[in-house]
Each structure stands twice: as C-alpha cells, then as structure tokens.
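Taking it in order: structure first as structure tokens, then the write-up.
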Amino acid sequence: MTQTLAAATMAAYRRAAGCIAVITLTNPPVNTLSYLLRESFYETFRRANADAEVKAIVICGADGKFCGGADIKEFAGKFSGPSLVALIDDVEQSKKPVVAAIEGMALGGGLELALGCHYRIAHTKAQVGFPEVTLGLLPAAGGSQRLPRLITLTSALELITTGRRISAPEALKLGIVDKVTDKNALDMAIDFARDIIGKPLESRRLSLRTTPCPPDVESFLDEALASIRKHSRGAIAPLACLQAVRASVYSTFDEGLKKEQELFKMLLTSGQARALQYSFFAQRATKKWSMPSGATWKNTSARPLRKAAVIGLGTMGRGITVALIKAGIPVIAVEMGLKQLEAGKTVIMSMLEKEFKKKQLTKAYREMAAFTLDLAKLQEVDLVVEAVFENMSLKKQIFQQLSSLCSADAILCTNTSTLDIDEIASVTTTPHLVVGMHFFAPAHVMKLLEVIYGPRTSPTAVATAMQLAQQMEKVGVVVGNCNGFVGNRMFKLYAEQAYFLLEEGAIPEQVDQVLEDFGFPMGIFKVSDLSGLDIEWKIRQEQGLTGPKQIPGGSFRHRAGGRYSPLLDILCERGYLGQKTGQGWYLYEKPGGRVPTFNLWLHKFLEEYRELHGIQKHYVGQDEILERCLYPLINMGFHILEERIAASPEDIDIIYVFGYSWPRHWGGPMFYASMVGLPRVLDKLNYYHEIHPDIPTLEPSSLLKKLVANGSPPIGTWGAFIKEHNSKL
Ligand SMILES: CC(C)(COP(=O)(O)OP(=O)(O)OC[C@H]1O[C@@H](n2cnc3c(N)ncnc32)[C@H](O)[C@@H]1OP(=O)(O)O)[C@@H](O)C(=O)NCCC(=O)NCCSC(=O)/C=C/CCCCCCCCCCCCC(=O)O
C-alpha cells in the first residue's frame, strides 16, 4: 500500500510498500533541476535517509518525465542554492540503496543524478543523454567522470562529445541502465528496490571505480582529439568534453571533478555557450509563430491533412513527396509528361525503400505514394505543394488550374524560393488558402521550412503549414512575403559580396577558407559548385538581370541600381556549371566529381577580367572577407526586421542555423552581430560603403543605426525599437 507523507513539494516525498521512500522530482514541464527543486530535494533526501523505517529510496519524475536536466535559464546568472554536484554525491554515498526510475527522459543533470543512484530502471520509450555539449557546456555534475567509469571509454566519449540522445534499449546494451521495462518503470523500481535491501553497495558507487581503458589509451585519446578538431567546426565545448573525459582516465575521481568544474567555468563564460543556449530557446520560440494581424496558435487551428499532392517531380518535388510520406501523409505525385513521371517514380520509390530500411517503416508507407498525369485526381486532396521550376508564368498557370480542380478548402502551397506569393495567389479563387512552403534541398533531410504568408493568406493556411512542419519533424519559421523571403534575400548579399571580392583580388580558395574557419561546413564557392551555378543564373535571368529578358539601362558591371558581378553568368555561358560539369569555381576530376581542386583557368581568367575592366587588384585579407560577406547579410536582416518580414531576430537566426548551416555556436547572424557589437558592425558597414559607394546594400539600415544610437540594447529587446519605428510611419 502506498502512503503519501507530504503534499506536493518540488521534490515530493511518499512511502511505498512500507519501507520504500519515493522522491518525485516535480517541476513542470520537464522537471528541471532548478534552484527550488535542488533545495527541496536536499531536504527530502535527508529526510528519507534519516527515517529508520525507510530501507531503500526510489527517485522518479512527475508526469512520466524523469528530468530534463539543469534549468538552462539559470546559467545566465549567479549559481546559488545547493550544488547539484553535492546532491549527487549525497545520493551516491547513501547507505540505503537508491534506484532511479527513468520514464520519458533523463538528460544532462537528470542523467548525472541517475548515475549517482546505485541502480537505474528505465521505461523502454525513455531517452537518456548528455546534451550539454549542444549548449556549449559539459556534464559538470560528475557526469564526465562517472559515465566513463560505467561504460566503455569509446561510448562514453562519443555520447559526451556529441550530445547524442539514446533510447533505453541502447542504454541497456551500453550498460548505462540496469533494466528496461515496457510496463510501469516506477512500479518495477519499487519492487527492485525492495529486493536489494541489505545488499552491498560499494561496487555500485561509480566514483569508487576506475575508468576501464582500451590497451593503447594514449593514442586512442589522440585520435579522438584529431577527429573532434576536424568535425567541431570551431566549437570549443567538444574539446573541453574530451579533456574532462581524459581526466577520468588519468586522475582520481576527485581530481577529475575539479578538472570538470574548471572546464565548465571556462565554457560557461564563453560566447559560444551563450550563443548555443540562445539558439535552444530561439528554436522553441519560432514554434510560437505570430502574424502581424495578431494570429497565433492561441486563436488559430490547423486543418487536418488526410491526403496531399505534390506537383513537379524534380529534385525538390521528390524530396517533398518523401518528407510527406515519412510524416504519414499519403501523396498523389503529379508530373506533366510520362517520361518525367516515370523518372520521378523510380527515384521516389528507391528513396522510400532506403527510408524504409533506415527507419524500419512499415511496407504501407511505400504504398502511400500514387503517381499520375491526371490533375483531376487532385479533387481528393487537402493540401497541394507545387514544386515546379522557378518561373512565375508556369506557377500561375498551375495555380489557376488548381483553383478549378481542387476542393474549395484545399490549402495551396508553393515551394518557390524567391517569387511573390501574392502574385501567385492572385490567379486563384481562394487566395486566402495560398501559402509559401519553402523547403531546402534535400527536402526529406533538411530541417528548415520557411512558411510564407502573403497579404491575403489566412491564419488557417499558415497554421496548417506550421502543423505540417511539425509533423515532418521540421523547424517551421513563419515569414512575410518579399523577394527571396528571409533566407535567400539575405543570402543574395553574402554571395554578391563574395563575387565582388573575386573581382577585387581574392580567389575562391581564400574566401572559402575564411568562411570554413568561421564554421560553415563549406565555403560559398564550394556550395555554389555543389548546387550548380545555373540555379542562380536562372534566377538572375528570371529577375531580368541577365540573359534574353535583361532589363535595359544597366552596364556590364552595374545593373538594377548598383554594382553587378557578371562572373557567374560568364562561367555558365561557357558551360562551367560546377561539380556536374567537372568545372566551376574549382576543377573536379570528372563531371560529377566531388573533390575540388585548384582551377588554373579561373585564376588566369580573373586576372584577365580585372585587366580588361580596369579593376585595381588589392590584397583581400581575412577580416575583409569575413566582414564583407557577413555584415551586408546581417544588415539585410535588420531591414527584414524593420519591414516586419521576420517577427524577431530569433526567427532569422533559426532560419540561418537550420537552412544555411550557420555555425550554431555563433547563434545565427543577428545574435552574432550582437556578440561582435552593433557599433562595430555599423562602423564597418559605413567604412565599406564609403569605399564602395556603388554597392547600396552596404549602407547601414536605419534599425541598426537606431539600435546603436540607443546604446546597443540586448537582442531580446530589439522588438521594442521596431514597433516604435513602425508607429512613427
Ligand atoms: C526533450 C525535452 C526535455 C522536452 O521536449 P519537448 O517535450 O518537445 O518540450 P520542449 O518544447 O522542448 O520544452 C518544453 C518547455 O521546457 C523548456 N525546457 C526544456 N528543457 C529545459 C531546460 N533544461 N532548462 C530550461 N527550460 C527547459 C523549453 O524551453 C520549453 O519552454 P517553453 O514552453 O517554450 O517556454 C527538451 O525540452 C530538451 O531537450 N530540453 C533540453 C535538455 C537539456 O539540454 N538538458 C541539459 C541541460 S544542461 C545540464 O543539465 C547541465 C548540468 C550540469 C550542471 C552543472 C552544475 C555544476 C556547476 C558547478 C560549477 C560552478 C560554476 C560557478 C560559476 C559561478 O561562480 O557563478
């Protein structure tokens, strides 16, 4: 019989089966080990230890969630209250057996607490892990010292340096938990605790163990260091994690703890930890979308989606079809010609086959795709995603047809990456149901989804697209309608500056190296070669910047009211389209080759080009490359905020981290600007604009100027300045 001894405290205490004390971590929504919970736990645990009738203790979490770890918000302030390290030490040193009953999750400090317990019983659906590294930290409540003493050094190192979360069955295999159950983990833990009363506990105290090591541990750790350096893209936390684990090998437990704390303090005050923690909350904030009309989840419902259609089975359409099916939504995939339909079908089925193997999806998933040339079939769907070429008249033609073929309440989405949503909507009879869903390639892999509303898009259409993003396990960000939306509108300036730098004296290798050192996985020219130079070329043609539809009035190096670099057009005209043709900004061993090498032709061509156009070559240093590429992009971010195209700097940052591989430890472009210091960004933009007055996008935005004039307030308060700005209009 269970006897409740205390009312709902933060660490609630009750007795079960007579002699078992059950301590329930209670701090909704995820039972973080906040200051109050630690205080309460300290008292409650002492009470259980002191009570002579209690023979064993079980620790669990309220609402089926063991513990989400330390309260990340507390990292921004001074530490106070009982230390988690000491609490866990109390648990481990207890003379009574302590069992962790893990349901839901045991993450970070939550797993550290569980490792302090003498036994761990987990529900089969529970997840455990040390995500601290993804927050720029390390498991500093003994986790980096206890885990390597419990499981193999290889696994401990992998889990701590990557932050990978694992399922309970995997944790059982590795030896992190002692038992896994698909029944009630708490009931099982209580039974288990009763059975072990009186048994010796010394071997269960991990701090008393030594770390089991592979034979040549020194070279193992050296190799691990080299590999982390290679993959961490400049992030410091993975290296600190390695150092802490190394201490578990060479030091006593107490010395290891000291090292762990020292490293933690160093990380805690680093800009990277601040950026990564900002990013954690920013990602959650984007889920709570809003539109200028005041629409949010609170006043809007999403439509249920029973069936969808995808029109156009090129690279994007194929990925979107697979993403929808993976999310459990049957798809009618449509093409205009039989050849394209067959080609699309073959690739999609093989992609699904791979997913089927990887994720162990049921066979039914592969049967969720239907392929047709017949647009009339679209009558049965709740949502259509158009994914044809980036061509306005083609898209309008399709939307006109959709308007008459689909049911009157079908949501009509376009996967355009640059075009005006409102113009597309204007040819339909239901413009309120037209919404942009900008996927990123490969669409079944990339996490970002820009959801774009036009002036007539209804909140319901936006809510349905956001709901779908969640269903596809994507990060949806709601943005307003403008050329290129948020991501591509900013990216355009990044690319443009890189081309200007080539004209002025840089080479692609140099620019890419600086960007990769900053933390991008690939420099801009390697990305351009990988995606194909013709993608941007077609967009430029569509915009009338080059090609047969070029708008008259410009000159060779000046178009659309500013400096223009025709370098990319020239390469495309010569058939140098990047990896697919074996040559672009770099040279490849063959068409389709993947390894970029020095492109002698391009280097000679750049020299001739500069001479022909009388461009004075100058030395382009690392700082100039970084500032010229990043600051105009950031400047555009300020314009976008000012125009309310993005609702917050967090939205822009999440778009960049998830869609453009912006290094997460720099937070995103807007957070990076706040770290660099807004006055510095402003000064540099002014400086470059003075030197290059023919590049109008270097002129600082009025919001940036206003923020600097107001003392560069913290990023979380920028919104107030934007509203103020608008109210004066
Ligand atoms: C999987 C989740 C837990 C749940 O996911 P889901 O169900 O989808 O829900 P979410 O939307 O993600 O979250 C719901 C809300 O909860 C908020 N949340 C979640 N987790 C946390 C958290 N850990 N802290 C704060 N808030 C949290 C989230 O923001 C949502 O809020 P809202 O609804 O949007 O408002 C998932 O949430 C998840 O993965 N969470 C993160 C898990 C995690 O990363 N845990 C690790 C945290 S770090 C940690 O545990 C570190 C431990 C070591 C501490 C060492 C301390 C010793 C230091 C001594 C050194 C002394 C230095 C002295 C310095 C000095 O002198 O001052």
Side-chain angles (χ1 to χ4, degrees), residues 9-11 25-44 61 65 67-90 105 107-113 130-144 163 235-237 240-241 244 257-285 288 648-650 653-654 664-668 670-678 707 710-720:
T9 54
M10 294 289 270
L25 308 173
T26 311
N27 186 15
V30 297
N31 302 325
T32 53
L33 294 158
S34 65
Y35 163 79
L36 280 177
L37 181 54
R38 294 199 306 278
E39 274 208 326
S40 169
F41 184 86
Y42 175 79
E43 293 300 334
T44 312
K65 296 166 192 171
C67 176
D71 183 342
I72 300 166
K73 289 192 197 90
E74 287 183 3
F75 294 143
K78 264 244 158 271
F79 280 89
S80 55
S83 113
L84 188 55
V85 179
L87 291 185
I88 294 172
D89 191 50
D90 281 356
M105 79 289 286
L107 297 173
L111 180 56
E112 293 182 296
L113 175 61
F130 279 139
E132 285 88 339
V133 69
T134 64
L135 300 165
L137 300 172
L138 59 83
S144 73
I236 54 174
C241 286
L257 272 190
K258 243 194 213 161
K259 182 76 185 165
E260 186 190 81
Q261 303 268 311
E262 204 179 280
L263 291 163
F264 180 77
K265 281 186 204 169
M266 180 274 290
L267 291 175
L268 191 64
T269 49
S270 71
Q272 293 199 0
R274 282 204 306 280
L276 287 160
Q277 288 158 35
Y278 159 84
S279 195
F280 173 85
F281 290 113
Q283 190 181 338
R284 278 146 187 89
K288 300 170 193 162
S648 68
E650 284 88 345
D653 285 337
I654 288 303
R664 205 181 164 109
H665 57 267
W666 289 124
M670 308 318 285
F671 187 82
Y672 177 68
S674 74
M675 277 172 90
V676 168
L678 300 186
L707 289 170
N710 280 277
S712 303
I715 194 163
T717 64
W718 291 359

(request) List the steps and the verdict of side chain to side chain donor-acceptor pair (under 3.5 Å) for Tyr278 and Asp653. (result) CA-CA 10 Å; Tyr278 159 84; Asp653 285 337; 2.5 Å; yes
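By the 4.5 Å heavy-atom criterion applied to side chains, Gln277 and Leu137 are counted as neighbours. Between Phe75 and Arg274 there is no side-chain heavy-atom pair separated by less than 4.5 Å.
Of the possible donor and acceptor atoms, one in the side chain of Glu260 sits under 3.5 Å from a partner among the backbone N and O of Ser144. Within the 3.5 Å criterion, the main-chain N or O of Gly163 finds no donor-acceptor partner in the side chain of Glu132. Distance alone, capped at 3.5 Å, is enough to place a donor-acceptor pair between the Thr134 side chain and the Pro131 backbone. Without hydrogens or angle criteria, Thr269 side chain to Lys265 main chain gives a donor-acceptor distance under 3.5 Å. Checking side-chain atoms of Ser40 against main-chain N and O of Ala11 turns up a donor-acceptor pair under 3.5 Å. For the pair Trp718 (side chain) and Pro649 (backbone), a donor-acceptor distance under 3.5 Å is absent. With hydrogens and angles ignored, the 3.5 Å screen pairs no side-chain donor or acceptor of Ser279 with any backbone N or O of Leu276. A donor-acceptor pair is defined here as one N or O able to donate and one able to accept, closer than 3.5 Å; no such pair exists between the side chain of Asp71 and the backbone of Leu33.
In terms of heavy-atom proximity, Ala141 sits nearest to Ile88 at O-CD1, 3.6 Å.
For the residue pair Gln272 / Arg664, no side-chain donor-acceptor distance below 3.5 Å is found, with atom types taken as modelled.
Separating the CE atom in Met10 from the CG atom in Asn31 is a distance of 9.0 Å, to the nearest 0.5 Å.
Qualifying side-chain hydrogen bond (donor to acceptor under 3.5 Å, both in side chains) partners for Ser270, counting only residues two or more places apart in sequence or in other chains: none.
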